[in-house]
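It should be emphasised that the depicted structure is a prediction, and the values quoted were computed from it without experimental measurement. No hydrogens, no waters, no symmetry mates; every other heavy atom, side chains included, goes into these values.
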Amino acid sequence: SNYALKDEIRTYWSARAETFDQSPGHGMRSDGEIRAWADLLKEQFEGHEVRDVLELASGTGQVTAVLLSMDLQVTAIDLCEPMIAKASSKHRDAIGRRVKFHLGDAENTMMPDSKFDAVVSRHLVWTLPDPEAAFQDWLRVLKPGGRVVVIDGDWVNAPKRLSARIARGLVNAMDRWNGSQPKYDADAHDSIISRVYFKEGLRADTLSRMLQAAGFIDVKQSSLGRIWDEQVKHLNFKDRLSLGYWYWHYFMMSAKKP
């Protein structure tokens, strides 16, 4: 009875830590992709000097690598110890000097008021049980003029499209042929999605309204087409089908604290 949704989320992502970077769209497979992410983030930060960044749901440290490549100071929070262990092993030379990893909750960061120039998350908001509380907390920890940057998408409705079902069917057939094991627990994933706030899917227009309701201004949205262009250079046919940018509603959005 004490095993709540957030505990289930922690268990699910902890189990995925070991193979997470193998999933197309999560692991970054080239310096070109890291540069593309950095360029997009710089565009979102434009007009505000950014030095200290709070990275939420830092996972295995992929976005951490992008932030470090931008010569930023990073405070990284994740809910799962195995994820933090993977990230720490990648960035051991920077720990304590340029990055600090913390076990914590993105909805209640426990960080000081007005401390950070930017708050960055990738693939987090869709799985938040209480995003309204999270947005208020992120506003609190930002300095005036600081920006929150969200990289996310609709992982609920896009897979229902015919093109997505065909692509997934082909991927599953290739996995069966090769004897590949699933990289994640689909039942656990579906169970979580059915109970999070965005169980009907996260859309950019909804996120924009919610950020503004929380007190943010100057909302900006960017396409992730440049990221796809870099990713496909290093993906085989099956992974391109799995990633399937042509059927995902996938975006980067930022907003400013007044």
Side-chain angles (χ1 to χ4, degrees), residues 9-42 44-45 50-106 109-111 115-127 141 148-153 180-185 189 224 226-236 239 242-243 250 252:
I9 291 170
R10 180 187 293 109
T11 299
Y12 172 79
W13 290 109
S14 293
R16 289 201 63 183
E18 191 60 35
T19 60
F20 191 63
D21 290 347
Q22 299 173 21
S23 300
H26 292 302
M28 295 184 190
R29 307 186 183 194
S30 70
D31 291 340
E33 184 180 350
I34 290 176
R35 287 193 296 270
W37 279 114
D39 289 343
L40 278 175
L41 285 171
K42 288 174 185 175
Q44 300 298 323
F45 295 159
V50 174
R51 179 62 177 168
D52 294 314
V53 178
L54 177 63
E55 183 191 356
L56 302 171
S58 51
T60 62
Q62 294 293 315
V63 174
T64 311
V66 176
L67 298 171
L68 291 175
S69 79
M70 298 167 67
D71 199 27
L72 301 173
Q73 294 289 326
V74 183
T75 300
I77 293 177
D78 201 274
L79 193 63
C80 308
E81 291 184 63
M83 289 287 191
I84 292 174
K86 293 285 286 187
S88 297
S89 68
K90 291 178 185 176
H91 303 297
R92 60 171 58 92
D93 292 341
I95 291 176
R97 297 184 302 104
R98 298 180 55 208
V99 62
K100 296 179 181 178
F101 292 100
H102 298 270
L103 185 67
D105 186 345
T109 62
M110 306 293 287
M111 291 293 165
K115 177 175 176 57
F116 297 100
D117 302 307
V119 173
V120 176
S121 72
R122 182 177 73 144
H123 305 169
L124 164 68
V125 171
W126 74 271
T127 192
V141 302
V148 59
V149 181
V150 174
I151 303 153
D152 224 304
S180 301
Q181 296 298 315
K183 291 186 175 64
Y184 68 97
D185 184 337
H189 181 272
L224 295 174
R226 278 178 280 174
I227 305 302
W228 167 248
D229 290 342
E230 287 297 328
Q231 288 177 333
V232 295
K233 295 176 184 178
H234 303 276
L235 296 177
N236 58 34
D239 284 345
S242 296
L243 194 57
Y250 193 34
M252 175 185 282

Does some side-chain heavy atom of [Y] sit less than 4.5 Å from a side-chain heavy atom of [X]?
X: L54; Y: T109; value: yes
X: V66; Y: V120; value: no
X: I95; Y: F101; value: yes
X: H102; Y: M111; value: yes
X: H26; Y: Q62; value: no
X: L68; Y: V74; value: yes
X: L41; Y: V149; value: yes

Could you tell me whether a side-chain N or O of [X] sits under 3.5 Å from a main-chain N or O of [Y], the two making a donor and an acceptor?
X: K90; Y: T60; answer: yes
X: R51; Y: L72; answer: no
X: R97; Y: D93; answer: yes
X: D152; Y: V125; answer: yes
X: R29; Y: Q22; answer: yes

Could you pull out the closest heavy-atom pair between [X] and [Y], with the gap in Å?
X: S30; Y: E230; result: OG-OE1, 4.4 Å
X: R98; Y: S69; result: NH2-N, 4.5 Å
X: A106; Y: L124; result: CB-CD2, 3.8 Å
X: M252; Y: L40; result: CE-CB, 3.8 Å
X: W13; Y: T127; result: NE1-OG1, 4.4 Å
X: D229; Y: V232; result: O-CG2, 3.4 Å

Evaluation steps, side-chain hydrogen bond (donor to acceptor under 3.5 Å, both in side chains), between S23 and R16: CA-CA 10 Å; S23 300; R16 289 201 63 183; 3.3 Å; yes
Cation-pi, W37 ring and R226 (6.0 angstrom, 45 degrees):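 Judged by the rule, R226 and W37 form no cation-pi pair.
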CA sep, side-chain torsions, deciding dist, call: V99, T64, side-chain contact (heavy atoms from CB on, under 4.5 Å): CA-CA 8 Å; V99 62; T64 311; 3.9 Å; yes
H234 ring center within less than 6.0 Å of W228 ring center: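 No.
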Ring centre gap for H123 and F20 strictly below 6.0 Å: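 So the answer is no for these two rings.
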Donor on one side chain, acceptor on other, T75 and E55, under 3.5 Å: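 Distance-only check fails for T75 and E55.
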CD on E33 to CD on Q231, rounded to 0.5 Å: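 Answer rounded to 0.5 Å: 4.0 Å.
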side-chain contact (heavy atoms from CB on, under 4.5 Å) evaluation trace for F45 with D117: CA-CA 9 Å; F45 295 159; D117 302 307; over 6 Å; no
Qualifying residue for side chain to side chain contact (heavy atoms under 4.5 Å, CB included) with M28, from I227, I34, D21: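 The option that passes is I34.
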Run the side-chain donor-acceptor check on residues 77-89: report pairs under 3.5 Å with partners two or more places apart or on a different chain.
| unit_1 | atom_1 | unit_2 | atom_2 | d |
| --- | --- | --- | --- | --- |
| D78 | OD1 | C80 | N | 2.9 |
| D78 | OD2 | S58 | N | 3.3 |
| D78 | OD2 | G59 | N | 2.7 |
| S88 | OG | I84 | O | 2.8 |
| S89 | OG | K86 | O | 2.7 |

